[in-house]
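See below for the structure under consideration.
Throughout, a chain's letter reflects where its sequence line sits, starting with A, and its residues are numbered from 1. Note that the structure is predicted; figures quoted are calculated from it, not measured.
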Amino acid sequence: MPHQFWLMKSEPDEASIDHLAAAPQQTLPWTGVRNYQARNFMRDQMRIGDGVLFYHSSCAEPGVAGLAEVASEAYTDETQFDSTSPYFDPKSSRDAPRWQHVDVKLVKKTRLLPLKDMRHAPELAGMRLLQPGSRLSITPVTPDEWRAVLARLGEAG
DNA sequence: GCCAACGTTGGC
DNA sequence: GCCAACGTTGGC
């Protein structure tokens with residue numbers, strides 16, 4: 001039984017649900033988060049086994065594309081030290097790393113639940129994702145919202 | 001490509 | 001510690 005639930009956004013051009021499915025152990029390191037609130041969720045609140053709604057953003061059909069789970073504790077994001085990486089952070093250092101991430105493991109690729117449909121679902125109206133101006137790439141999901149999304153997807157809880 | 005909303009930066 | 005300027009996000 002997952003202890004908490006999350007929605008994690010990924011640009012499918014970069015890391016789609018299919019990339020996750022094709023990865024070794026169907027697991028990907030969630031590198032590249034450069035927002036303190038999102039980092040803090042990973043570092044302070046996520047636990048192995050937490051439920052994850054895998055969300056495709058910045059694409060033709062944004063929406064929930066699958067279910068995943070948190071597969072590691074938070075650990076150092078190496079891309080912050082890599083000057084050739086788009087996620088390089090010159091202000092970070094080995095002595096005082098700024099950024100951490102968890103690993104995320106596929107549970108199941110689902111049909112797409114489009115953002116458009118989520119916006120029209122009364123039972124999802126409170127989701128952080130749907131609040132005006134919300135841009136956080138990682139947001140908490142309540143148990144009720146989790147169940148409602150799974151119901152919309154036609155998945156058993 | 002537009003643009004509104006938001007987070008971060010840095011001068012003061 | 002304020003706040004204007006800037007960069008980013010992300011749906012449209």
List the atom pairs, with distances to 0.1 Å, where a side-chain N or O of residues 113-123 of chain A and a protein N or O form a donor-acceptor pair under 3.5 Å, not counting sequence neighbours.
residue : atom : partner : partner atom : Å
A:H120  : ND1  : A:K116  : O            : 3.1
A:E123  : OE1  : A:R152  : NH2          : 3.3
A:E123  : OE2  : A:R152  : NE           : 2.7
A:E123  : OE2  : A:R152  : NH2          : 3.1

(Q) Quick test of your reading of the model: are A:R94 and A:E78 salt-bridged, counting only N-O distances below 4.0 Å? (A) yes
inquiry  = Could you tell me if A:Q80 and A:S92 have a donor-acceptor pair between their side chains, going purely by distance under 3.5 Å?
reply    = yes
Protein heavy-atom contacts under 4.0 Å, written 5' to 3' over nucleotides 2-7 of chain C as B (base), S (sugar-phosphate only) or - (none), form the string -----B
A:D89 and A:R98 ion-paired at < 4.0 Å: yes
What side-chain donor-acceptor pairs closer than 3.5 Å can you find for residues 47-54 of chain A, not counting sequence neighbours?
residue : atom : partner : partner atom : Å
A:D50   : OD1  : A:H3    : ND1          : 2.9
A:D50   : OD1  : A:Q4    : N            : 3.1
A:D50   : OD2  : A:W6    : NE1          : 2.9
A:D50   : OD2  : A:R47   : N            : 3.1

Note to self: Is the shortest side-chain heavy-atom distance between A:F5 and A:P140 below 4.5 Å?
What the structure shows: no
Rounded to the nearest 0.5 angstrom, the CG-OH distance for A:D82 and A:Y87 is 12.0 Å
Should we say atom CD of A:E61 is surrounded by more than 12 heavy atoms from elsewhere, each under 6.0 Å from it? no
Taken to the nearest whole Å, NZ/A:K9 to P/C:dT8 is 16 Å
Note: contacts of residues 110-132 of chain A with DNA chain C (heavy atom, under 4.0 Å) are A:L115, A:R119
Within residues 77-95 of chain A, the residues having a heavy atom closer than 4.0 Å to DNA chain C are none
Taken in chain and number order and not counting sequence neighbours, the residues that satisfy side chain to side chain donor-acceptor pair (under 3.5 Å) with A:R135 are none
Within the distance-only criterion (no hydrogens, no angle test), does the side chain of A:S10 pair as donor or acceptor with the backbone N or O of A:P12 below 3.5 angstrom? no
